Amino acid sequence: MADREDRLPRRAALLGAGVIGGGWAARLLLSGVDVALYDPSPGAEATVLAQLARARRAWSRLTPVPPPPEGALTLAGSIAEAVAGVELVQESAPERERLKVELLAEASEAAPADAIIASSTSGLRPTAIGAAMSRPERFLVAHPFNPVYLLPLVELCGGEATAPETIARAASMFGALGMHPLLVRQEIDGFIADRLLEAVWREALWLVHDGVATAAEIDDALRYGPGLRWSTMGTFLIYRLAGGDAGMRHFMAQFGPALQLPWTKLTDVPELDDDLLDTLVAQSDEQADGRSIEELARIRDDCLVAVLSGLRGQSWGAGVDVAATERRWLRAQAGPDSIELDALVPGAPLALHETVVAPEWIDYNGHMTEHRYLEVLADTTDRFLPLIGAGADYVVSGNSYYTVETHIRHLGEAHAGDRLLVTTRLLGHDAKRLRLFHEIRRADDGTPVATGEHMLLHVDTAAGRTVPAGADVLAALERIAGAQAGLVEPDGAGRAIGGAPAPAPAPIPD
Ligand SMILES: NC(=O)c1ccc[n+]([C@@H]2O[C@H](COP(=O)([O-])OP(=O)(O)OC[C@H]3O[C@@H](n4cnc5c(N)ncnc54)[C@H](O)[C@@H]3O)[C@@H](O)[C@H]2O)c1
């Protein structure tokens, strides 16, 4: 489906608006598609609106790009009214075969002849539930995952009567909705993902049943380890890495025999004969696409860093452990707040701040978005101020420095996971003013990323006016200025925006 041309459906009908139908509604409406809803429950509209609110919030946190104008939602009094004039019908009624057979048959009579009709069923076969439909060649299963408005996977499975063109058109529509259509090659119960999920779930239930682990312990076993890895590479690519340079065949030789041991309740294991091993090794090679183990390990680690730092931002799961490590490391080093002015290195800028580019700092161009530069620069200023005795206690006492002017030069790109180092020069000061110059560089190769020049004024915060700084603060500034006296003015200091002059004002008509 690589060359697919994605195109949104003109209009969509949803039959059933519970957990899944509501999620479909949110994804469609947010993508700008008009939706007609049929659900006999009086609470259906509220479910949709609640999911839409969640979807708006989630997507506004995921990307700074505003979504297109939302589609319009209409409530239909009948199946026929809902499906009139639509290009996509998505059925998400309860998982009961008889109910779906009747619902889909009625929808197929009333829907336009060229509409794609899809079912969200988690495991029923399309041939069975489409048995009473007219023109079943336009019917398929499109199995999504909750929350539908965020998770991209949609498994597409055709039945005996499904036309290949139906699968291709459906893939194009779901692709345009920002989803990842995965074609299920054979019509099977449970498709691909639910078979995997069910295998894990089956084992989890046995572990609880046998008193081996509690529900929380089983969830921890997933979310602190394998679950994080799964989110980046699935199962097979991760195991290829576990095999090291010797690859998949070595991994299978090492761990394959263990499948015969009764570790799990799922002991029905396919025979690891040469045919299966050759198939597996060939598929693993294809999946690796020529990348070395070193390259794959770097991709895995970078993706894990992205997931872990996302979780750290939420103070959740494995992110809590990352934050704890970070705090331990911070305590173990002489943090910026504890730099003694006596330790100032004469003739060198101050190394005050170090940070790592978080994944949520990245914009649609794939590198650090503009306002994050200011955030890093402002954090550096916040490390400078305690150094001169103008930290938290000083602010509580009613004095502070306010930034009144900033000039940022963007010199290089920073990507998720890059470690940034910031150094600081005190370019000038007097009793009320402070002129700082920060320089951000990438830690790995020293590439300049940005500079920031900032003018700060010393204020009496209660009175709201500038006043001279305290004597201790001024003395500390003198010492820093003295230590940096030998440094030449940094490149780019004192710059304003250059370039094309503003056009001359138009003459005022008489
Ligand atoms: N919940 C999940 O995680 C999940 C994931 C993927 C797929 N699915 C599948 O999606 C489908 C819906 O599941 P759900 O979890 O949203 O169920 P749900 O019970 O939350 O919602 C079902 C909705 O269908 C409505 N309904 C009942 N009879 C109807 C009819 N005749 N016509 C139209 N609507 C009718 C109900 O009022 C309800 O609002 C099922 O086939 C399920 O297997 C569920």
Side-chain angles (χ1 to χ4, degrees), residues 1 14-16 18-24 27 89-104 116-133 136 139-148 150-162 164 166-167 170-171 174 179-209 215 218-219 221-223 226-227 229-231 233-239 259 263-271 276 279-280 283 287:
M1 294 184 195
L14 298 178
L15 309 179
V19 174
I20 294 303
W24 277 118
R27 191 176 268 279
V89 178
Q90 184 77 34
E91 172 274 315
S92 310
E95 189 78 338
R96 294 202 300 273
E97 189 166 325
R98 192 71 249 142
L99 171 76
K100 286 192 192 284
V101 168
E102 286 166 12
L103 191 55
L104 289 165
I116 296 282
I117 303 180
S119 169
S120 299
T121 177
S122 300
L124 300 173
R125 293 189 185 215
T127 302
I129 53 178
M133 290 176 77
F139 173 63
L140 79 167
V141 164
H143 175 224
F145 291 79
N146 185 34
V148 182
L150 266 187
L151 293 187
L153 183 61
V154 55
E155 293 180 303
L156 303 187
C157 184
E160 283 162 18
T162 308
T166 299
I167 306 262
F174 293 121
M179 302 185 84
H180 184 91
L182 182 67
L183 182 58
V184 182
R185 293 164 186 268
Q186 289 179 28
E187 187 183 15
I188 50 161
D189 298 317
F191 318 118
I192 300 171
D194 275 358
R195 275 183 65 166
L196 297 171
L197 291 177
E198 197 175 292
V200 172
W201 192 36
R202 212 183 278 265
E203 287 299 324
L205 290 171
W206 274 117
L207 289 167
V208 173
H209 174 270
I218 292 165
D219 283 352
L222 290 173
R223 71 198 185 113
R229 282 193 325 205
W230 276 333
S231 75
M233 287 190 168
T235 278
F236 280 114
L237 205 51
I238 283 290
Y239 282 171
L259 293 172
W263 281 6
T264 69
K265 300 284 178 181
L266 297 168
T267 51
D268 185 11
V269 181
E271 195 188 333
L276 178 55
T279 304
L280 209 52
Q283 290 182 355
Q287 191 180 18

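These figures come from a predicted structure and were not determined experimentally.
Not one N or O on the side chain of Glu91 forms a donor-acceptor pair closer than 3.5 Å with the backbone of Leu104. Under a 3.5 Å cut-off, the side chain of Glu203 and the backbone N or O of Thr264 do not form any donor-acceptor pair. Between the side chain of Thr127 and the backbone N or O of Glu160, at least one donor-acceptor pair lies under 3.5 Å.
A distance of 7.0 Å separates CD1 in Ile167 from SG in Cys157, rounded to the nearest 0.5 Å. Distance check, rounded to the nearest 0.5 Å: CH2 of Trp230 to CG of Leu196 gives 8.5 Å. Note that the CD atom of Gln287 and the CG atom of Leu237 stand 4.5 Å from one another [nearest 0.5 Å]. To the nearest 0.5 Å, atom CD1 of residue Ile129 and atom CG of residue Leu124 are 5.5 Å apart. Note that CD of Glu155 and NE2 of His180 are 10.5 Å apart. Values are rounded to the nearest 0.5 Å. Annotation: the span from Asp189 atom CG to Thr121 atom OG1 amounts to 9.5 Å, rounded to 0.5 Å.
With sequence neighbours excluded, the residues forming a salt bridge (charged side-chain N to carboxylate O under 4.0 Å, His left out) with Glu198 are Arg202, listed by chain and number.
Of all heavy-atom pairs spanning Trp24 and Ser92, the tightest one is CD1-OG, 3.5 Å. Contact between Ala215 and Val208 at its shortest, heavy atoms only, is N-CG2, 4.3 Å. Counting all heavy atoms, side chain and backbone alike, Val148 lies closest to Gly23 at CB-C, 3.6 Å. The shortest non-hydrogen separation linking Ala118 to Phe139 is C-CE1, 4.1 Å. Of all heavy-atom pairs between Val101 and Ala132, the closest is CG1-CB, 3.8 Å. Between Phe174 and Pro181, the closest heavy-atom pair is CB-CG, 4.3 Å.
Among His143, Gln90, Lys100, the one residue that satisfies the side-chain hydrogen bond (donor to acceptor under 3.5 Å, both in side chains) test with Ser120 is Gln90.
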